[in-house]
Participant: 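Pasting a structure below so you can have a look.
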Amino acid sequence: MPKEKSAPRKAKATKADGGKKKKGKHHYPNAPKRGLSAYMFFANDQREKVREDNPGIKFGEVGKLLGEKWKALSEKQRAPYEAKAANDKKRYEDEKAAYAAVSALETD
DNA sequence: AATCTGATTGTTCTT
DNA sequence: AAGAACAATCAGATT
């Protein structure tokens, strides 16, 4: 079993508060985006189910409901999602590699 | 080496 | 078209 101790994630960013970040950032060419996260896959599956259980539910509710359910799942249930996340993570490795390769070639 | 930070991912709904 | 609650992430940058 992997015993990753190294960095015991401490507090959060410097934003003090809970952690509200806004978008608006872009990336350079070839943007090697990272893989998705377990929540993304989970949402993909539950999103319709949640809405089915909550007819007429709005985005905010679905999101919250989703969050609750997500944590309500057992580690086993999250497994498939985490598995996909891990799979996508690998995908990112490819992007990263491709990006580096192109970047090297594109010595502009 | 160890710690931190920021950027990113996708859903749905609203405007 | 883009943003925002919801959660994860985690790879790179920084010290």
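Everything numeric in this text was worked out from a predicted model, so none of it was measured. Computed over heavy atoms, backbone and side chain alike; hydrogens, waters and symmetry mates excluded. Order of the sequence lines sets the chain letters (A, B, ...), proteins ahead of strands, with each chain counted from 1.
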Participant: Measure from the side chain of A/Leu36, starting at C-beta and using heavy atoms only, and say which of B/dT11, C/dA11, B/dT9 lies closest.
Facilitator: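 Within the option list, the nearest is B/dT9.
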
Participant: Could you tell me whether the phosphate oxygens of C/dA8, OP1 or OP2, come under 4.0 Å of any side-chain nitrogen or oxygen in A/Arg78?
Facilitator: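 For C/dA8, neither OP1 nor OP2 has a side-chain N or O of A/Arg78 closer than 4.0 Å.
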
Participant: Does A/Trp70 place a side-chain N or O at less than 4.0 Å from the phosphate oxygens OP1/OP2 of C/dC6?
Facilitator: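 For C/dC6, neither OP1 nor OP2 has a side-chain N or O of A/Trp70 closer than 4.0 Å.
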
Participant: May I ask you to decide if A/Val50's main-chain N or O and A/Asn54's side chain share a donor-acceptor pair within less than 3.5 Å?
Facilitator: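 Yes, because the side chain of A/Asn54 sits within donor-acceptor range (under 3.5 Å) of the backbone of A/Val50.
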
Participant: Could you tell me the separation between the NZ atom of A/Lys84 and the P atom of B/dG10, rounded to a whole number of Å?
Facilitator: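 Computing the A/Lys84:NZ to B/dG10:P distance gives 12 Å.
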
Participant: Verify whether the ring centers belonging to A/Phe41 and A/Tyr81 lie closer than 6.0 Å.
Facilitator: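 For A/Phe41 and A/Tyr81, the ring centres are not under 6.0 Å apart.
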
Participant: Can we say A/Glu68 and A/Lys64 salt-bridge, meaning some charged N sits less than 4.0 Å from an Asp/Glu carboxylate O?
Facilitator: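 The answer is no: the pair does not qualify as a salt bridge.
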
Participant: Once you round it to whole Å, what is the distance between C1' of C/dA7 and CG of A/Leu73?
Facilitator: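 In whole Å, C/dA7 C1' and A/Leu73 CG are 12 Å from each other.
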
Participant: Specify the separation, in whole Å, of atom CG of A/Asn87 and atom P of C/dC10.
Facilitator: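 Checked: the CG to P distance equals 12 Å.
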
Participant: Quickly work out the A/Arg91 CZ to B/dT9 C1' distance and round it to whole Å.
Facilitator: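 In whole Å, B/dT9 C1' and A/Arg91 CZ are 15 Å from each other.
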
Participant: Hey, is the main chain of A/Met40 close enough, under 3.5 Å, to the side chain of A/Asn44 for a donor-acceptor pair?
Facilitator: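 The answer is yes, because a donor-acceptor pair under 3.5 Å joins these two groups.
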
Participant: Does OP1 or OP2 of B/dT8 have a side-chain N or O of A/Lys33 closer than 4.0 Å?
Facilitator: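 Negative; the distance criterion is not met.
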
Participant: Without decimals, in angstroms, what is the distance between A/Lys64 NZ and C/dA4 C1'?
Facilitator: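 After rounding, the gap between these two atoms is 12 Å.
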
Participant: Return the nearest nucleotide to the side chain of A/Ala43; candidates are B/dT11, C/dA5, C/dA8.
Facilitator: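 Among the listed nucleotides, the one closest to the side chain of A/Ala43 is B/dT11.
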
Participant: Tell me: CD of A/Glu52 to P of B/dT12, nearest whole Å?
Facilitator: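 My rounded result for the distance is 12 Å.
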
Participant: If only side-chain N and O atoms of A/Lys96 are considered, is one of them under 4.0 Å from the OP1 or OP2 phosphate oxygen of C/dA11?
Facilitator: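 Indeed not, no polar side-chain atom of A/Lys96 lies that close.
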
Participant: Can you tell me the distance, in whole Å, between the CD atom of A/Glu95 and the P atom of C/dA11?
Facilitator: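 Interatomic distance, CD of A/Glu95 to P of C/dA11: 12 Å.
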
Participant: Quick one: on DNA chain B, does A/Val62 or A/Asp88 contact a more 5' nucleotide (nearest heavy atom)?
Facilitator: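 The answer here is A/Asp88.
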
Participant: With rounding to the nearest 0.5 angstrom, report the CD to OG distance, A/Glu82 to A/Ser37.
Facilitator: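 So the gap between those two atoms works out to 10.5 Å.
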
Participant: Contact class for A/Phe42 (heavy atom, under 4.0 Å): base, sugar-phosphate, or nothing?
Facilitator: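 Answer is nothing: A/Phe42 stays at 4.0 Å or more from every strand.
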
Participant: Identify, between A/Phe59 and A/Ala38, the residue whose nearest nucleotide on DNA chain C lies closer to the 5' end.
Facilitator: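 The residue whose closest nucleotide sits nearer the 5' end is A/Phe59.
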
Participant: Report the nucleotide, chosen from B/dT12, B/dG10, C/dA8, that has the shortest atom-to-atom distance to any side-chain atom of A/Asn44.
Facilitator: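 Among B/dT12, B/dG10, C/dA8, the one nearest the side chain of A/Asn44 is B/dG10.
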
Participant: Provide, to the nearest angstrom, the distance between the CZ atom belonging to A/Phe41 and the P atom belonging to B/dT9.
Facilitator: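 The answer, rounded to whole Å, is 12 Å.
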
